[in-house]
2 protein chains.
Amino acid sequence: MRVPALATDRYELTMVQAALAAGTADRECVFEVFGRRLPSGRRFGVVAGMSRVLEVLEGLRFDDADLEALRSGGVVDDRTCEWLARYRFDGDAVAYPDGEVHVPGSPLLQVRASFATGVVLETVVLSVLNHDCAVAGAAARMVVAAEDRPIVEMGSRRTHEHAAVDAARAAHLAGFTSTSNLEAGVRFGVPTAGTSAHAFVLLHDSEREAFAAQVAAQGPGTTLLVDTFDIAEGIRAAVEVAGTSLGGVRIDSGDLAVHARFARRLLDDLGATGTKVVVSGDLDEHGIARLSGAPVDVYGVGTSVVTGSGAPTAGLVYKLVEVDGRPVAKRSTGKATHAGAHRVVRRHRASGVATEEVLVAGGADVDERPGDRSPQVALLRRGQRTDDTADSVDLEAARRRLRERLSTTLPWDALSLSEGDAAFPTTYVGEA
Amino acid sequence: MRVPALATDRYELTMVQAALAAGTADRECVFEVFGRRLPSGRRFGVVAGMSRVLEVLEGLRFDDADLEALRSGGVVDDRTCEWLARYRFDGDAVAYPDGEVHVPGSPLLQVRASFATGVVLETVVLSVLNHDCAVAGAAARMVVAAEDRPIVEMGSRRTHEHAAVDAARAAHLAGFTSTSNLEAGVRFGVPTAGTSAHAFVLLHDSEREAFAAQVAAQGPGTTLLVDTFDIAEGIRAAVEVAGTSLGGVRIDSGDLAVHARFARRLLDDLGATGTKVVVSGDLDEHGIARLSGAPVDVYGVGTSVVTGSGAPTAGLVYKLVEVDGRPVAKRSTGKATHAGAHRVVRRHRASGVATEEVLVAGGADVDERPGDRSPQVALLRRGQRTDDTADSVDLEAARRRLRERLSTTLPWDALSLSEGDAAFPTTYVGEA
């Protein structure tokens, strides 16, 4: 998808105009993307969308139609339009790769460029990261709650049609098995899956005819939706029509724990011992956890994952932290920031469990310890990709990275669904 | 923007395949879009996005790349691809126009078409309406809370970059004065506005130099951000630099009620009696209401409006209610629906206040009363626009419509921000 150059805040461009006129537009600046806190109840965040940030950094262009709209709308002056027409990101970008975990203050992205070059990115970079990280952060908790059972993302209808595609990718990054969203399959290679809707059953003269039509088209390995009229009768009809090699039955309403147990027993009684029980319907991480003892084979999750399960935006901000080598920060009441560009040292125990996120400003020294690693990688250097770029934004690499973080890096407590402290504390060193 | 044909759920297309093979794809069906309940705490919903639904109905096409992806991915068979290649919506669509209010059960959209034609629309139509109605529903409450004070939408950075553009439109539809999002200005004619960021102040050697740069570029009518270091000093510097004709000062942090009062007093003392006080920073409808006694001239609202203020999706569903004239409905536990296509009669008192939403199924009769009106209009008839189409999706018409509903149609109680019943009850008549 083309990066929408004008899907930005008006003030980003008027600030460019004022800075160009004042002679300050070219000052070398560092901006950092971070969250002041995690969403309520969360103990860690998950980085997602860095692949799309890379597209923004490499692809943002103001075309003739954009510039004409800015001119005719009186948004900025000719000089600024000329500057925007030549826009190419030529700075450095240091990032946490997709699939990395983060805590409050973690600089997910650090942009070093002229003020004007960097400020133009603010709105769109935040839109991308606030959306994708919100989905991935929620999805990761669901994946933890589901233990080894697969989860299908099916929330496209509950979010903006373009957001849905990126939400499907972010959920898959976090460990969801597949998505209902076909465009996410085409664009990102996320496996797609689907069953059928109550409408399909109701269309036909009987549930049995509907099942026969679906099995004829999809084969007996398909998953039949059995809760349109009566679940037990639905299951009997499903097995009669498809045979005991029926792939699955889906239950989309009612008390899923109760229904899953009865469904499993009935399927087994009918000889369909390999038929999977798929459940969906207003599930979130807590609903999934409550089903951990039920004979569920596959979860379908919609609304809660695409809306970040209570935290629809990751709360990330994009702040100027350094100007011409001088650390800067807002100083008045509230929303204070930590001045200076930060190098991050993540401390780990010998077991690999992370213990501290150390943010080092102003070239200060910190003692080196075994187990120190930095989550930061160079995404772009003077606008060019580095050896780390491809791996940082690759979907499969991100999935592996997060799996490793969930199994090894995060302390066990951090996987709890209940309220609690961040997975590990953030410490600032050498602050101005 | 092109309607993304594959931003849909896989099962919509596999159901088409199965129905084509079973000979049921051409059965005449009615689907209805409605909410089973309003989001928690809400007393009414606001229709938004019908203009985009119209674009979907008129513009949905499966192009060669889409079809090739479906074929090569093994999603559907050749026959289905051929059917999709010819896709044109040729049915009827009856809608609640943009800016109309709705309650539980209200059929915001009714699609009458062949099963296959109608089912293909489900995911994308819901994506559009669930997003836009969520934003407009939240925005309307903020507009009510703000009374006659203007609100600027500035939430683009807190939502997906494409959703942001439509969120800006939905907020404006609900009564927001303007948006920070430039693309919404270009695409929909929403007025755009902006001030500047803390970064702009920090870029310069002093706050005063930053203010001078902004005033030089934007004129003294601009709004200066005064809370980077010390608000009182910031205001003094702002008036010194811009003069007493300074357009506004923005305060983006701290206790906004306290700061607004001190800012107003100081501005008046400095002779800047016409300078506006603009406040922003985590405001939602409740925060706005709490500031009703403070000398605030303009509110800036971001996160809460674009994320639906606690209800990021409107919870609308798209359900099959009629097949070949026969009313149908899911019958098992939970998620039950009311069978049959519904004609809506909204009852009103002589004063114009609505008292009841009557949903009439199956051609049943209801007594006619003075004050009866129907919120439903014909959006498309056999795929063609009607005399009502343009007005139903026009942004200015929608703004007027909602203003009228908020001032006249809704009972006063419905404007309360606290929990309570829906604005008026829903009654089903002639249900199958």
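Basis for what follows: all heavy atoms, side chains included, without hydrogens, waters or symmetry-related copies. Residue numbers start from 1 in every chain, and the chains themselves are labelled A, B, ... in the order their sequence lines are given, proteins ahead of strands.
- Taking chain A as the reference chain and counting heavy-atom pairs below 4.5 Å, the highest number among B/Gly118, B/Ala168, B/Ala193, B/Ser72 is found for B/Ala193.
- There is no contact between A/Ala212 and chain B, counting heavy-atom distances below 4.5 Å.
- In this structure, no portion of A/Leu129 lies under 4.5 Å from any heavy atom of chain B.
- Atoms CE and CD, from B/Met15 and A/Gln218 in turn, are 10.5 Å apart once rounded to the nearest 0.5 Å.
- Using a 4.5 Å heavy-atom threshold, the side chains of B/Leu320 and A/His198 count as separate.
- A/Phe200 places a side-chain heavy atom less than 4.5 Å from the side chain of B/Phe115.
- Contact tally against chain A (heavy-atom pairs below 4.5 Å) for B/Thr228, B/Asn130, B/Asp132, B/Val323: the top residue is B/Thr228.
- With a threshold of 4.5 angstrom between heavy atoms, A/Ala21 does not approach chain B through any atom at all.
- For the set B/Ser156, B/Ala197, B/Gly49, B/Gly23, the count of heavy-atom pairs under 4.5 angstrom toward chain A peaks at B/Ala197.
- The part of A/Glu12 that comes within reach of chain B is its side chain, from C-beta onward, which places non-hydrogen atoms under 4.5 angstrom from that chain.
- Contact annotation for B/Leu20: neither backbone nor side-chain heavy atoms come within less than 4.5 Å of a heavy atom of chain A.
- Side-chain atoms of A/Ser127 come within 3.5 Å of backbone N or O of B/Thr159 as a donor-acceptor pair.
- Both the backbone and the side chain of A/Ala7 have a heavy atom closer than 4.5 Å to some heavy atom of chain B.
- Taking the side chain to side chain donor-acceptor pair (under 3.5 Å) definition, one finds that A/Asp166 meets it with A/Arg52, B/His160, sequence neighbours left out.
- For B/Ala134, no part lies near chain A; criterion is any non-hydrogen pair under 4.5 Å.
- Two residues are said to be in side-chain contact when any heavy atoms from C-beta on lie closer than 4.5 Å; B/Asp227 and A/Lys330 meet this criterion.
- The candidate from A/Ala18, A/Ala184, A/Ser180, A/Gly234 with the greatest count of non-hydrogen atom pairs under 4.5 Å with chain B is A/Ser180.
- Ranked by heavy-atom pairs under 4.5 Å with chain A, the first of B/Val186, B/Asp230, B/Thr14 is B/Thr14.
- Of the listed residues B/Val321, B/Val215, B/Thr195, the one with more heavy-atom pairs under 4.5 angstrom with chain A than any other is B/Thr195.
- Considering only heavy atoms from C-beta on, A/Pro312 stays 4.5 Å or farther from B/Arg158 through its side chain.
- Heavy-atom pairs under 4.5 Å with chain B were tallied for A/Gln17, A/His204, A/Glu322; the largest tally goes to A/His204.
- For the atom pair B/Ser196 OG and A/Arg10 CZ, the distance stands at 13.0 Å (nearest 0.5 Å).
- Interatomic distance, CG of B/Asn181 versus OG1 of A/Thr123, reported as 8.5 Å (0.5 Å rounding).
- When the candidates A/Glu209, A/Gln214, A/Met154, A/Arg27 are compared by the number of heavy-atom contacts under 4.5 Å with chain B, A/Arg27 comes out ahead.
- Contact annotation for B/Ala216: neither backbone nor side-chain heavy atoms come within less than 4.5 Å of a heavy atom of chain A.
- Interface residue A/Glu161: backbone and side-chain heavy atoms are both found under 4.5 Å from chain B.
- Among pairs with a residue in residues 120-129 of chain B, those fulfilling salt bridge (charged side-chain N to carboxylate O under 4.0 Å, His left out) read A/Arg157-B/Glu122, at least two apart in sequence or across chains.
- For the side chain to side chain contact (heavy atoms under 4.5 Å, CB included) test with B/Leu6, the passing option among A/Val165, A/Leu182, A/Thr192 is A/Leu182; the others fail.
- The residue among B/Ala163, B/Gly194, B/Ala22, B/Ala217 with the most heavy atom pairs within less than 4.5 Å of chain A is B/Ala163.
- The CG atom of B/Asp205 sits 9.0 Å away from atom OG1 of A/Thr24, with the distance rounded to the nearest 0.5 Å.
- Ranked by heavy-atom pairs under 4.5 Å with chain B, the first of A/Val75, A/Val201, A/Leu203 is A/Leu203.
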